[in-house]
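As C-alpha cells, the structure follows; a few thoughts come after it.
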Amino acid sequence: MSKERFRPADHPNEHFLMTTVVGSYPKPTWHHRARDLYESDDDDVDFDADDWDEAKDDAARAIVHEHERAGIDVVTDGEMRRNEMVEYFADRIDGYEFNGPVKVWGHNYFDKPSVVEPVEYDEPWLVDEYEFTTAVADGPVKVPITGPYTLARWSFNEAYDDVEALTYDLADLVNEEIESLIDAGARYVQIDEPALAQHEDDHAIVGEALERVVDGVPDDVRVGTHVCYGDYSRIYPEILEFPVDEFDLELANGDFEQLDVFRDPPFTKDLALGVVDVHDAEVESVEEIKRNIERGLEIVPPERLVVSPDCGLKLLPRESAFRKMRNLVTAAREVEAALDAGEIESPAPSSATADD
Amino acid sequence: MSELVGTTLGLYPLPDPAKESLSDLKGHQKSDLVDGDERDAVLAAYADARDAVIDEQRDAGLDRIVEGQLRWDDMLAHPLAVHDEVETRGIVRYYDNNNFYRDPAVVGELAFDGDVAADLERGFADDDPVDPSRRQAVLPGPYTLADLATDEYYGDDAEFLDAIGEFLAAEGGAFPDVETLFLLEPSLATNPPGDGEDARASEAIDAVATAIDAEVVVFPYWGALEEKVYAHLLDADVDAVGFDFATEQHDHTYLINEYGTTDDVALGLIDGQNTLVETPEAVRERVEWVQEQAVVADFDRIYVTPNTGLFYLPYGTFVEKLQVLGEAAARREVSA
C-alpha cells in the first residue's frame, strides 16, 4: 500500500517524503533503573510487576512523544517493552529455551535462545504494545517485528533439520501475530531481517518465508522489510520478488557505497533510505542529510522514497538520537519544498505508471 | 588401531561471572577491548577465568589442555589486534557468523610480539602447573590471519602472507614447552586461495610448523577444502590435518580417499555452534564411521574435537560438550 495514506493532514508540502524510524530507541536511564529494581533479589526492594508495567508504559509514552516532537510522520514506541530483538520473541514462543549469554563482539553478549522442539504460538507478542502506542500517538504507528529468518538464524537449532524448515514454521507464527495486529487496527508492519544478506542464497528462504508471513494480509496494510549491514549484491535483484511494499535499508554507515547495487535492474519497490548513521553519535547536519536523501532519489522517484535512519537508534546517546531524528525531518521537509519548487529533480524514472 | 586424543580448538567462552566482571572493568566500546597493555585488575580477572576453564578441561578428562584464548576479544585476529604496528579499525563481521571483530590494519613491520606466549605461560605455569605432555597451544593459521587483516604496509599479497607466516613462526618459537599446536585455518575453506596462493599458504603453514617443537595440527573448518588447496596443504610439514565433519562429511572422506592424508588426523565431530549436546556414544560412532569410510587410510592417532572454537556456546553447554569429548576419547583406542 502507498505511503500516501500516512500523509499528515497538515503536511506543508506537495511532495511527501514520509519520515519514520526503524524501531528501537535509547531507553531512558530511569527505565534501566526500574528494570534493575524489578529484577532485584533484594527483599527490601518494593517494586513489583505492576510497577514495572507502569514504568514500561511511561517509557513508551515518553518516547512516542519524543518521536512526535522531532516531527517523525510514522512513529514507534522505541521498543521500550522489548529487551532484545530475538530474545523478546523467543521468550513468548513455545519451543524455545535459554541457556545463557553468548558473545556478539567484545563484551557485548546476547541470550541466544535454543529451539528445542517444534515452535508454537503461545501468547500474543505485540498487540498490547500496538494498542498502547496507538492510543498515546497523535499520528500513525508502525509495528516492527523480527522476521522469521532472523529469529531462526540467530537461535541455536536443536529441533529442525535445517534453518529453512525452522524459518517457515516461525513465518507461520509471525503471520498469526500480524493477523492479530491487523484486527487491532495496525496498518503498517515492518519485518526486520538483519540476518538477510549475510549468507549466500538466503534470499530464497526469506522470499518463501515472507509469502507465508503476508498470507491473508489485506492490501490496505503496508508491509516493509528492514535489512542492514549485509552484502546487498547477494540479495539484489531477487528481493524485488518479495511480497512487500517497501525495503528499509542501511546505507549511510557505508557512505552509500552499496547504492549502485540497486540501479540495475531498476528498484521497483518503495525505498526507505537510511540517511543517518546509528553507530556514530555525531549528529549529521541538515545539509548532509539532504544530500543523503538526494542519493535516494537516484534510485526511486519521490513518490516511492521514505526517509529513515540506518537502523534502530538504541545504541546512541538519547540526545544524539533525538537530534538525528529532528535533523532528518528538517532535511526531508526542505527536500520536499525544493522538489515542489522544481529546484531539484529526481534522476530516477518516475513510477507514476509502475505504482498503480 | 588408532589412538584417541580428546581435545578442542580453544577459543572458549568466558565463565559468566567473568563476562560480567570484565565487562565492568573494560567497558563495552570498541576502544575498551584488549590491546596487550591491560591493567592488573583486568589481567587478574583473566587469570581467574583461565584457571576455571583449565579446571573444566581437567574435570572432563581431556588429553590436551588449552589456556582458552579468553583474552582474544577479536577471535582469530587477536595476535594482530594487540600488535604495536597494527591499528584496530571499525567493527567488521567475523565470517558468516553474527559476531564481529576489530579490523586489524597492519601499518608497520610485524616484528616479534610475544603476547600469545605470555598467555600460555600464565595459564600453564602458575601455582597448579599443567603437565607439558598435556599442553596445547592455539594460533590462527597464516592464511586465515592474513585474510582477516588489512595490509597497509607490505603492499603485496604474497609478501604480506609471508610476513604473517614469519610473525606467527616467531610467536610460536617463543612458546613454553607444549605438546601440541593447533593452527586454525577456517579461511582456507571459506575463502579458498587461488592459483599460486594455495602453494604459498602451504609454505607459510610450513614455516610456522617447523619453528615450533610440537605436534602440529592444521585445522580448516566451515566446509571442505577445494581439492587443489587440500593437495597443497599436504605438502606442509604438519603432523595432522583437521576435518570439520560437523558441517561436511562426504567431501572430506572423498579428499582422504582420493589424496590420502597425514598419519594423524583431527576429526571435528562435535558441533561447536549448536547447543544440542552430542552423546559420547554418538561421537564414537562418528569416529568409527569416518574410519570405515576412509578405506585407504589407517590413522595412527585421532584427535577427537569440536569443529570450531567454543565461544559460540553458553558456558554451561560448553562445559557439557567438554565432558562429552572427554568421555568419547576415554576409550583409548578404536579399530574400524
Side-chain angles (χ1 to χ4, degrees), chain A residues 84-87 90 96-117 146 149-163 166 193-202 228-231 234 253-255 277-281 315-317, chain B residues 11-34 42 45 70 72-75 77 81 88 90-102 190 222-223 271-278 309-320:
Chain A
E84 197 277 339
M85 68 177 298
V86 173
E87 284 172 48
Y96 271 99
E97 71 175 31
F98 291 89
N99 292 296
V102 301
K103 171 172 163 169
V104 178
W105 67 275
H107 289 288
N108 296 280
Y109 300 93
F110 127 79
D111 259 341
K112 184 173 175 178
S114 302
V115 177
V116 296
E117 53 190 71
T146 304
Y149 182 70
T150 298
L151 286 175
R153 263 288 174 200
W154 292 359
S155 305
F156 294 110
N157 172 15
E158 299 190 20
Y160 285 79
D161 286 344
D162 51 34
V163 168
L166 172 57
E193 288 287 16
L196 176 61
Q198 289 167 7
H199 302 264
E200 294 289 350
D201 299 331
D202 46 9
C228 52
Y229 307 106
D231 177 354
R234 284 179 170 180
N253 172 63
D255 209 14
D277 189 357
V278 304
H279 285 142
D280 186 350
L315 294 177
L316 291 168
Chain B
L11 291 157
Y12 285 175
L14 283 163
D16 289 341
K19 285 188 176 98
E20 216 162 293
S21 62
L22 280 160
S23 164
D24 291 345
L25 282 166
K26 288 165 62 189
H28 291 87
Q29 301 304 311
K30 211 165 60 179
S31 54
D32 299 327
L33 302 187
V34 295
V42 172
L70 303 173
W72 293 21
D73 281 338
D74 301 284
M75 287 80 81
T88 50
I91 300 290
V92 290
R93 184 168 294 278
Y94 187 65
Y95 297 97
D96 270 350
N97 298 282
N98 186 31
N99 294 106
F100 300 83
Y101 70 104
R102 294 172 297 176
T190 62
W222 292 321
D271 192 337
Q273 296 182 278
N274 197 332
T275 45
L276 184 65
V277 179
E278 296 83 353
L310 294 175
F311 72 90
Y312 300 99
L313 299 171
Y315 193 79
T317 316
F318 150 76
V319 171
E320 287 179 59

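Only a predicted model underlies this, so the values are computations on that prediction, with no experimental measurement involved. All chains are named by letter (A, B, ...) in the order of the sequence lines, taking the proteins before the strands, and each is independently numbered beginning at 1.
Between the side chain of N274(B) and the backbone N or O of N157(A), at least one donor-acceptor pair lies under 3.5 Å. Put simply, the side chain of D16(B) never gets that close to the backbone of P101(A): no donor and acceptor are under 3.5 Å apart.
The structure places CG of D231(A) at 11.0 Å from CZ of R93(B), a figure rounded to the nearest 0.5 Å. The structure places CG of N97(B) at 11.5 Å from NZ of K103(A), a figure rounded to the nearest 0.5 Å.
Contact check for V102(A) versus P13(B): no side-chain heavy atoms found under the 4.5 Å cut-off.
In this structure, the portion of Q273(B) lying under 4.5 Å from any heavy atom of chain A is its backbone and not its side chain. Neither the backbone nor the side chain of R102(B) comes within contact range of chain A; no heavy atom of the residue lies under 4.5 Å from a heavy atom of that chain.
Each of T317(B), L276(B), T275(B) was evaluated against S114(A); a single residue qualifies, T275(B), per the side chain to side chain contact (heavy atoms under 4.5 Å, CB included) test.
With respect to chain A, the highest number of heavy-atom pairs below 4.5 Å among L14(B), N98(B), L313(B) belongs to N98(B). If you tally non-hydrogen atom pairs under 4.5 Å between each of N99(B), D96(B), D74(B) and chain A, the highest count goes to D96(B). Most heavy-atom pairs under 4.5 Å with chain A, from the set W72(B), Y312(B), Y101(B): that is Y312(B).
For the residue pair F100(B) and W105(A), the shortest heavy atom distance occurs at O-CB, 3.3 Å. Closest approach of G106(A) to L33(B), counting heavy atoms only: CA-CD2, 3.4 Å.
Taking a 6.0 Å sphere around CG of D161(A), one finds it holds 12 or fewer heavy atoms contributed by other residues, nucleotides or ligands. Within 6.0 Å of CD in E84(A) there are more than 12 heavy atoms belonging to other residues, nucleotides or ligands.
Judged as a side-chain hydrogen bond (donor to acceptor under 3.5 Å, both in side chains), and not counting sequence neighbours, the contacts of K26(B) are H107(A), Y46(B), D73(B).
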